[in-house]
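To start, the structure itself, in structure tokens.
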Amino acid sequence: MVQQRQAGIALVGSGSARPTVALTNEELSQVVDTSDEWIRTRTGIQQRCLLPAGGSLAELAATAGRAALEMAAVEATTVDLIILATSTPDDLFGSAAQVQAQLGATRAVAFDLTAACSGFVFALVTAAQFMRNGVYKTVLVIGADALSRWTDWTDRRTCVLFGDGAGAVVLQASDRDRLLGFELHSNGALNGCLNLPYEAQAEPLAAGKTVQKGTYQPITMNGKEVYRFAVKRVPEVIEKALFHADLTAADIQWLVLHQANQRILDAVADRLKVPSERVVSNMARYGNTSAASIPLALDEAVRDNRIQPGDIVASSGFGAGLTWGAAIFEWG
Ligand code: UT7
């Protein structure tokens with residue numbers, strides 16, 4: 001097959017999904033020593049949606065993907081590639097192929113990408129590389145996470161923050177590239193600030209030989225360190241992505257950040273001088289949904305007609321790894 005080079009990509013549809021069960025701050029304060037007042041004022045969160053027992057991450061991701069394909073009027077059978085950004089797959093071997101099967105995207109190759117709360121931005125940029133070199137023309141990028149699976153419900157420093165959800169965008173090859181600029185970073189030296197670690201016990205196997213048998217431990221986080229990191233690095237990485245796009249912060253029409261903490265959103269917007277009505281925030285209803293948070297916020301703002309075709313969107317993900325990144329794109 002001769003592969004023809006296309007100039008770029010267009011973001012032509014979005015979708016999202018959330019579990020139907022919501023847990024309010026009030027309810028959570030019956031479980032752990034916290035209060036609605038503390039959670040609201042320190043984070044902006046009022047409730048979070050939780051995947052119930054028996055719930056499937058792949059199903060949530062597929063629901064978001066289906067909605068995005070519908071908005072884009074794209075048949076699942078024409079999708080070339082599905083990238084599922086998640087840290088909480090149903091299957092450690094990956095859940096993307098399950099999503100592909102559920103969507104009936106029979107031609108698509110599908111794989112998982114793990115970059116925690118930066119996952120959606122990293123997946124979007126990864127997808128763009130396959131499209132810019134002309135290999136794939138129709139791509140579905142999904143961010144989906146169920147951090148509630150790995151939350152320590154006795155740790156008030158973390159359990160109040162997280163929720164479950166999924167969001168998706170459809171990308172199509174286009175002569176005019178709407179991914180205007182991006183910048184990605186990792187710093188493993190700060191890995192210990194935010195972890196969901198595997199802890200192994202030695203299991204004797206044969207004479208003098210052991211193997212590991214263990215499980216993943218609940219999320220631990222140094223909230224203050226991560227807060228400091230986010231407030232410093234996020235404006236910086238957005239400015240670098242804007243520079244690559246030959247734009248400045250004054251050109252941002254919508255700021256769609258990873259929904260970690262309303263105070264982080266406010267601080268980043270302040271630093272970039274983006275007015276608060278241009279900052280998309282839905283964390284009051286969902287909390288921090290990790291890789292899902294950016295496409296979930298984007299989809300809501302597209303569906304209620306805040307974000308219009310042609311609008312310039314600055315998005316940024318940040319979190320475990322540590323990882324952080326920004327993508328500047330024109331919607332539609
Ligand atoms: O998606 C990955 C990215 N993650 C993030 O971006 C998270 C970044 N960090 C944060 O958002 C904030 O650091 C938190 C919301 C996690 C914490 O807010 P903070 O203002 O940094 O609070 P703190 O950890 O300094 O705790 C202040 C006080 C402490 O009490 P003392 O020592 O002052 O008596 C905590 O024990 O608040 C206490 N506290 C709580 N009280 C009631 C901590 N968590 C809670 C709680 N309810 N849930």
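As a basis for the values below, the full set of heavy atoms in this structure was taken, side chains included, without hydrogen atoms, waters or symmetry mates. Just follow the structure's listing: the first ligand is 1, and inside any ligand the first atom is 1.
Atom numbering of ligand 1 starts at 1 in the shown order; those under 4.0 Å from a heavy atom of Met221 are 4 (N), 7 (C), 16 (C). For ligand 1, the atoms lying closer than 4.0 Å to a non-hydrogen atom of Lys224 are 13 (O), 21 (O), 23 (P), 25 (O). Near Asn288, meaning under 4.0 Å from one of its heavy atoms, ligand 1 places the atoms 1 (O), 2 (C). Within the listing of ligand 1, atoms 48 (N) sit less than 4.0 angstrom from a heavy atom of Val160. For ligand 1, the atoms closer than 4.0 angstrom to any heavy atom of Ile264 are 6 (O). The ligand atoms of ligand 1 that sit less than 4.0 angstrom from a heavy atom of Thr43 are 15 (C). Heavy-atom proximity to Arg263, at under 4.0 Å, picks out these atoms of ligand 1: 18 (O), 20 (O). Numbered from 1 in the order shown, with element, the atoms of ligand 1 that lie under 4.0 Å from a heavy atom of Cys117 read 1 (O), 2 (C).
Here Val32 has no heavy atoms under 4.0 Å from ligand 1, in either its backbone or its side chain. Only the side chain of Leu194 comes within contact range of ligand 1, with a heavy atom under 4.0 Å; no backbone atom does. Only the side chain of Ala260 comes within contact range of ligand 1, with a heavy atom under 4.0 Å; no backbone atom does. By the criterion of a heavy-atom distance under 4.0 Å, both the backbone and the side chain of Thr34 are placed next to ligand 1.
Checking atom 1 (O) of ligand 1 against the protein gives a heavy-atom contact under 4.0 Å. Note that atom 31 (P) of ligand 1 has no protein non-hydrogen atoms nearby, at separations under 4.0 angstrom. At a distance under 4.0 Å, no protein heavy atom can be found next to atom 34 (O) of ligand 1. Checking atom 45 (C) of ligand 1 against the protein gives a heavy-atom contact under 4.0 Å. In this structure, atom 13 (O) of ligand 1 has a protein heavy-atom contact shorter than 4.0 Å. Inside a 4.0 Å radius of atom 20 (O) of ligand 1 there is at least one protein heavy atom.
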Show your working on side chain to side chain donor-acceptor pair (under 3.5 Å) between Thr86 and Asp145 and close with a plain yes or no.
-> CA-CA 5 Å; Thr86 187; Asp145 263 313; 3.1 Å; yes
Step-by-step side-chain contact (heavy atoms from CB on, under 4.5 Å) determination, Trp153 to Val32 = CA-CA 7 Å; Trp153 293 102; Val32 71; over 6 Å; no
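Relative orientation of the Trp324 and Phe229 rings is perpendicular, given thresholds of 30° and 60° on the angle between their planes.
Under the 4.0 Å criterion applied to side-chain N and carboxylate O atoms, Asp80 and Arg107 are assigned as salt-bridge partners. Under a 4.0 Å N-O distance rule, the pair Asp270/Arg263 does not qualify as a salt bridge.
The two residues Leu140 and Ala168 make their nearest non-hydrogen contact at CD1-CB, 4.2 Å. Across Leu50 and Ser148, no two heavy atoms sit closer than the pair CD2-CB, 3.8 Å. When all heavy atoms of Val125 and Leu184 are compared, the closest pair comes out as CG1-CD1, 3.9 Å.
Of the protein's heavy atoms, Trp38 CZ2, 3.5 Å lies nearest to atom 43 (C) of ligand 1. The nearest heavy-atom contact from the protein to atom 11 (O) of ligand 1 is Asn261 ND2, 2.7 Å. Scanning all protein heavy atoms for the shortest distance to atom 3 (C) of ligand 1 gives Val226 CG1, 3.6 Å. From the protein, the heavy atom lying nearest to atom 22 (O) of ligand 1 is Arg42 NH1, 3.5 Å. In terms of protein heavy-atom proximity, atom 9 (N) of ligand 1 is nearest to Gly223 O, 3.0 Å. Scanning the protein heavy atoms around atom 48 (N) of ligand 1, the nearest turns out to be Arg156 O, 2.9 Å.
Checking side-chain atoms of Thr210 against main-chain N and O of Pro204 turns up no donor-acceptor pair under 3.5 Å. Proximity of a side-chain donor or acceptor of Gln259 to a complementary backbone N or O of Val280 within less than 3.5 Å is detected. Proximity of a side-chain donor or acceptor of Arg156 to a complementary backbone N or O of Asp33 within less than 3.5 Å is detected.
Atom CG of Asp246 is surrounded by 12 or fewer heavy atoms from other residues, nucleotides or ligands within 6.0 Å.
For the residue pair Ser281/Gln262, the side-chain donor-acceptor check at 3.5 Å is satisfied.
Two residues are said to be in side-chain contact when any heavy atoms from C-beta on lie closer than 4.5 Å; Asp164 and Thr88 fail this criterion.
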